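Data first, discussion second: the structure below is written as structure tokens.
Treat the numbers as computed from the prediction; the structure is a model and nothing was measured. One-based numbering along the sequence shown.
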Amino acid sequence: MTLGMSPEHPYSRLQTTTLVALRMLIGWHFLYEGLAKIGNPYWSSAGYLDGAQWWLGGLFRNLAASATAVTIIDYVNMWGLTLIGLGLMLGLLTRTATIAGIVLLALYYLAAPPFVGLEYSIPTEGSYIVVNKVLIEAVALIVLFAFPTGRIFGLDRFVTLKRGTAHRAAPAQA
């Protein structure tokens with residue numbers, strides 16, 4: 001498989017390499033966060049949700065007050081992070097993993113936006129008025145959504161090839 005410019009792969013080697021590297025690094029971050037939460041029996045989203053402010057603060061605080069809701073949110077969060085990370089790292093269902101990652105990061109951002117006037121009990125590094133690490137990673141995922149690198153370097157390539165073969169093998173209907 002060549003990574004140079006061609007009709008099949010319209011990006012240069014540098015473009016492809018940097019986009020795949022970005023996908024892998026974000027995938028690693030998601031995978032690590034998910035596995036760290038799965039491996040920590042004391043981890044819970046309750047504190048994060050309870051400290052939520054801004055537009056959806058009331059909703060997040062109400063969710064934090066419900067043990068059932070927190071259990072569901074914790075499960076979805078831990079396994080969502082893990083599966084998104086695996087999808088990005090392997091280049092498998094990359095577009096689905098990217099969209100899921102954007103949605104998850106948007107929820108994190110909405111729960112604790114780095115706006116002037118909002119104060120949180122836990123000081124955060126990497127929060128600079130409107131922009132924080134969560135927003136930067138979400139925008140990076142939007143960039144990755146625009147460039148289907150999983151089809152060039154990832155398991156999506158085999159899914160695409162299999163689908164293409166199935167479409168070509170099907171007889172034309174009159």
CA sep, side-chain torsions, deciding dist, call: Leu86, Leu31, side-chain contact (heavy atoms from CB on, under 4.5 Å): CA-CA 6 Å; Leu86 282 172; Leu31 179 63; 3.9 Å; yes

Nearest-0.5 Å distance, OG1 of residue Thr82 to CG of residue Leu35: 4.5 Å

Shortest non-hydrogen contact from Ile73 toward Ser45: CG2-OG, 3.5 Å

Exercise: identify the closest heavy-atom pair between Phe60 and Leu107: CZ-O, 4.0 Å

Cluster check Ile142, Leu105: I/L/V/M/F/W/Y, side chain < 4.5 angstrom: yes

Side chain to side chain contact (heavy atoms under 4.5 Å, CB included) involving Phe145 - partner list, sequence neighbours excluded: Arg95, Thr98, Ile99

Linked, directly or transitively: Val134 and Val76 (ILVMFWY side chains, under 4.5 Å): no

same_hphob_cluster(Val131, Leu110) at 4.5 Å side-chain heavy-atom cutoff: yes

Intermediate values then yes/no, side-chain contact (heavy atoms from CB on, under 4.5 Å), Leu22 and Phe147: CA-CA 11 Å; Leu22 180 63; Phe147 297 94; over 6 Å; no

Inter-residue atom distance Leu88.CG - Ile84.CD1, 0.5 Å rounding: 7.5 Å

For His29 against Glu137, the heavy-atom pair lying closest together: ND1-OE2, 2.9 Å

4.5 Å side-chain heavy-atom contact, Val70 and Leu63: no

Trp28 atom CH2, neighbour heavy-atom count above 12 within 6.0 Å: no

Distance in Å, Leu25 CG paired with Thr18 OG1, rounded so as to fall on 0.5 Å steps: 11.0 Å

Leu93 backbone acceptor or donor facing Asp156 side chain under 3.5 Å: yes

Minimum heavy-atom distance between Ile26 and Ala140, given as atom pair plus value: CD1-CB, 3.6 Å

Interatomic spacing from OG1 in Thr149 to CZ in Arg23 - rounded to 0.5 Å: 4.0 Å

Exam field: side chain Asp74 to backbone Ser44, donor-acceptor pair closer than 3.5 Å: no

Heavy-atom pair with the smallest gap, counting every atom of Tyr108 and Tyr48: O-OH, 2.8 Å

Rounded distance [0.5 Å steps], CD1 in Ile152 versus OG1 in Thr17: 10.0 Å

Nearest heavy-atom neighbours spanning Met89 and Met24: O-SD, 2.9 Å

Within one Ile-Leu-Val-Met-Phe-Trp-Tyr cluster: Leu135 and Val143, side-chain cutoff 4.5 Å: yes

